[in-house]
Amino acid sequence: MQECRLGSRKAQFELYKLYAKAMYNTAQRILCHVAEAEDVLQEAFLEAFSRITDFRGDTTFGLWLKQIVINKSINYLRKRKMEFVSTDTIDVPEEEEEEDGEVQPRVEEIKRAMELLPDGYRVVISLYLLEGYDHEEIAHILKISENTSRSQYLRAKIKLQRLMEKERSQW
């Protein structure tokens with residue numbers, strides 16, 4: 001890290017090799033677009049290396065970089081005119097527990113179904129389930145209310161289940 005702060009290209013490349021795949025996967029899950037995910041990855045590393053002196057070490061470099069990737073990915077979505085439906089006035093049902101013994105769907109099946117979700121749903125469900133953010137954090141990141149985050153998540157979950165059921169019925 002110290003070498004990066006001094007501008008060492010070799011140290012930067014080592015950090016890039018260490019984090020690039022995980023950061024690309026994060027961007028790809030949010031954007032579902034290869035070229036945009038690659039752009040986000042490059043822009044995130046450029047920003048991280050240009051702002052490396054701002055990194056205080058309160059958290060790991062990976063978490064700091066991931067926040068940059070998520071913010072840049074969301075900005076790309078906003079450029080696509082993504083809209084989150086405000087649901088502040090809608091009652092959100094409690095999350096339902098999954099039934100015991102339910103067969104776990106295959107990873108590829110989930111990935112395909114997630115790519116079919118509307119951007120707003122996909123972002124919230126990705127941030128919640130895959131990136132580990134809670135609804136308060138998601139609300140802050142996306143500049144929406146917690147209630148909107150919760151309802152987008154629940155709607156995304158229902159839509160995802162329907163998409164996967166539809167896919168299974170086509171076999």
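The figures here come from the full heavy-atom set of this structure, side chains too, leaving out hydrogens, waters and symmetry mates. Everything numeric in this text was worked out from a predicted model, so none of it was measured. Count residues from 1 along the sequence.
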query: Angle class for the Tyr153/Tyr128 ring planes (parallel below 30°, perpendicular above 60°, tilted otherwise)?
result: tilted
- prompt: Taking everything shown except Glu115 itself, do over 12 heavy atoms lie less than 6.0 Å from its CD?
  reply: yes
Short side-chain donor-acceptor distance under 3.5 Å, Ser145 and Thr148: yes
query: Is any side-chain heavy atom of Met114 less than 4.5 Å from a side-chain heavy atom of Cys32?
result: no
message: Quick check: closest heavy atoms across Ala27 and Val40, and the distance to 0.1 Å?
response: CB-CG1, 3.9 Å
query: How would you list, by chain and number, every residue that makes a salt bridge (charged side-chain N to carboxylate O under 4.0 Å, His left out) with Arg9, sequence neighbours excluded?
result: none
field: side chain to side chain contact (heavy atoms under 4.5 Å, CB included) partners for Leu6, two or more places apart
entry: Gln2
message: Please check this pair: side chain of Arg5 against backbone of Thr53, looking for a donor-acceptor N/O pair closer than 3.5 Å.
response: no
- prompt: Would Glu165 and Arg162 count as a salt bridge (Lys or Arg N to Asp or Glu O under 4.0 Å) if you check the C-alpha gap in whole Å, the side-chain angles of each, and the deciding distance to 0.1 Å?
  reply: CA-CA 5 Å; Glu165 286 169 6; Arg162 288 183 183 149; over 6 Å; no
message: Tell me whether the NZ or CZ atom of Lys79 lies within the 45° cone about the ring axis of Tyr76 and under 6.0 Å from its centre.
response: yes
field: Ion pair check, Arg150 and Glu146, cut-off under 4.0 Å
entry: yes
Partners meeting side chain to side chain contact (heavy atoms under 4.5 Å, CB included) with Cys4 (sequence neighbours left out): Ala11, Gln12, Leu15, Phe49, Ile52
- prompt: Taking the six-membered ring for Trp, are Phe13 and Tyr16 parallel (under 30°), tilted (30 to 60°) or perpendicular (over 60°)?
  reply: parallel
query: Glu47: what forms a salt bridge (charged side-chain N to carboxylate O under 4.0 Å, His left out) with it, not counting sequence neighbours?
result: Arg51, Lys72
- request: Considering non-hydrogen atoms only, spot the tightest contact between Tyr24 and Ala37 and give its length.
  value: CE1-CB, 3.6 Å
message: Using 0.5 Å steps for rounding, measure from the OG1 atom of Thr60 to the CE atom of Met1.
response: 9.0 Å
field: Of all pairs that satisfy salt bridge (charged side-chain N to carboxylate O under 4.0 Å, His left out), the ones with a partner from residues 25-42, not counting sequence neighbours
entry: Arg29-Glu131, Glu36-Arg80
query: Who are the side chain to side chain contact (heavy atoms under 4.5 Å, CB included) partners of Lys143, not counting sequence neighbours?
result: Arg78
message: Between Tyr133 and Ile70, is there a side-chain heavy-atom distance shorter than 4.5 Å?
response: yes
